[in-house]
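Below: one structure, written as structure tokens.
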Protein chains: 2
Amino acid sequence: MESKNSLESRLRAAGRRMTPQRKLILSILDQTGDHLDAEEVYRRAKQQNSNLNIATVYRTLSILKDMELIEQRYFARDHNVEYYESVNKGEHYHFTCLGCRKIIEVETPKIVQVQKEFSALTGAKFTHACVCFEGYCANCVNDEENLTL
Amino acid sequence: MESKNSLESRLRAAGRRMTPQRKLILSILDQTGDHLDAEEVYRRAKQQNSNLNIATVYRTLSILKDMELIEQRYFARDHNVEYYESVNKGEHYHFTCLGCRKIIEVETPKIVQVQKEFSALTGAKFTHACVCFEGYCANCVNDEENLTL
DNA sequence: TTGCTATTGCGAATCAATTGCAATAGCTGT
DNA sequence: ACAGCTATTGCAATTGATTCGCAATAGCAA
Ligand SMILES: [Mn+2]
Ligand SMILES: [Mn+2]
Ligand SMILES: [Zn+2]
Ligand SMILES: [Zn+2]
């Protein structure tokens, strides 16, 4: 189990401890292809460890994010809730459909290009980009047009 | 005063009323080139109307945003606070320096290109994009490298 | 096993933003 | 100018995701 060892050694390297809670929470995000908020991670994890507390979920998500094992995202226009996904999936961005709430992943090199251009121009160094799109997916475009009549 | 009439007629068209509070709050955002959060808008507006309440500021910002007279933004990685700016400035994006907290505006056609490509590919329709970059500006890059030693 | 301390569960706290409500003030029509 | 309707305001209380303090617990190195 490569990811378990990787997790353990990376935790150790940061002076942290391996706990069943951390293993569990990372495994949930590694296995699902979805984007989960803390509440949903908690719901799923609790099925396997009924003693788990949501504060532990928040603390663990924060650590896994710092260790760059998971990515934190915002979706939709009002960023009230934080979502998480495994980093395994590589660089991509997100489109949220206001009709069906589906999240579609967008792959493009153009965002990185923007960063490179701006770096070259100003000397700035990028550490993070938050990009999220909102609109109506192909299935929902028509419904939306009817609504605005 | 073109913008005042524009505001008044646009409010009327939406079945809303013109109030001194709304005039004041929009004028603050129209005059400054800055990005202000509700608290700062409130602080500035209160100097001209000491009776003003912050709930009114929040409500007004929300309405002006819906009417597309101002833009709501998030900055930095943790989107705790919402900032606002006038729409007059046209399409642009933002880079936040983690060193000096300066916000640098980024102009590029590439974000719109991403949207067009994705629309052509999938048939989706975009209504909004939230793009924010984070890193270190040219002045702060060196300091940051020294810190990580 | 023991001892050190990182981590957990739990409840309370945060804090930007929202909401319910009674009083007020725009606006329309007279 | 006035009356009546109702959108808007000020105020106080609430929300809700996230964070924090703390005592009990559990990793892990020796
Ligand atoms: Mn994704
Ligand atoms: Mn701007
Ligand atoms: Zn849809
Ligand atoms: Zn800087």
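Residue A:Glu117 places its CD atom among more than 12 non-hydrogen atoms of other residues, nucleotides or ligands, all under 6.0 Å distant.
Among the protein residues, A:Asp37 comes within range of no part of the nucleic acid, since none of its heavy atoms lies under 4.0 Å from any strand.
Rounded to whole Å, atom C1' of C:dC15 lies 13 Å from atom CG of A:Asn80. A:His79 has its NE2 atom 18 Å from the P atom of C:dA16, to the nearest Å. At whole-Å resolution of the value, CG in A:Leu7 and P in C:dT7 are 12 Å apart. Taking atom NZ of A:Lys23 as the reference point, atom C1' of C:dT7 lies 15 Å away to the nearest angstrom. Straight-line distance from the CG atom of B:Leu11 to the C1' atom of D:dA7: 11 Å, rounded to whole Å. Separating the CG atom of A:Asn51 from the P atom of C:dT7 is a distance of 18 Å, rounded to the nearest angstrom. Distance, A:Glu39 CD to D:dG16 C1': 10 Å, rounded to whole Å. Summarising the geometry, the separation between CG on B:Leu36 and P on C:dA17 is reported as 13 Å, rounded to the nearest angstrom.
Contact annotation: the side chain of A:Tyr84 never approaches that of A:Leu36 to less than 4.5 Å [non-hydrogen atoms, C-beta and beyond].
For A:Tyr74, the side-chain hydrogen bond (donor to acceptor under 3.5 Å, both in side chains) test picks out A:Glu82, with sequence neighbours left out.
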What one-letter contact string describes nucleotides 18-30 of chain C from 5' to 3', where B marks a base within less than 4.0 Å of any protein heavy atom, S marks contact via sugar-phosphate atoms alone, and - marks no contact? BBB----BBS---
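Under the 4.0 Å criterion applied to side-chain N and carboxylate O atoms, B:Arg43 and B:Glu39 are not assigned as salt-bridge partners.
Distances shown here put a side-chain N or O of A:Asn53 below 4.0 Å from the OP1 or OP2 atom of C:dC10.
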Set out, in order, the CA-CA distance, both residues' side-chain angles and the distance that settles side chain to side chain contact (heavy atoms under 4.5 Å, CB included) for A:Arg10 and A:Arg16, then state yes or no. CA-CA 8 Å; A:Arg10 296 194 61 174; A:Arg16 317 203 93 110; over 6 Å; no
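Each of A:Leu64, A:Leu11, A:Leu69 was compared with A:Arg22 under the side-chain contact (heavy atoms from CB on, under 4.5 Å) criterion, and only A:Leu11 meets it.
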Would you be so kind as to tabulate the donor-acceptor pairs closer than 3.5 Å made by side chains of residues 90-104 of chain A, with sequence neighbours excluded?
from, atom 1, to, atom 2, distance (Å)
A:Glu91, OE2, A:Tyr93, OH, 2.6
A:His92, ND1, A:Gly90, O, 2.7
A:His92, NE2, A:Glu85, OE1, 3.3
A:His92, NE2, A:Glu85, OE2, 3.2
A:His92, NE2, A:His94, NE2, 3.1
A:His92, NE2, A:Glu105, OE2, 3.1
A:His94, NE2, A:His35, NE2, 3.0
A:His94, NE2, A:Glu85, OE2, 3.2
A:Thr96, OG1, A:Ala76, N, 3.4

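Nucleotides of DNA chain C nearest to A:Ile63 and A:Lys46 differ in position, and the one nearer the 5' end is that of A:Ile63.
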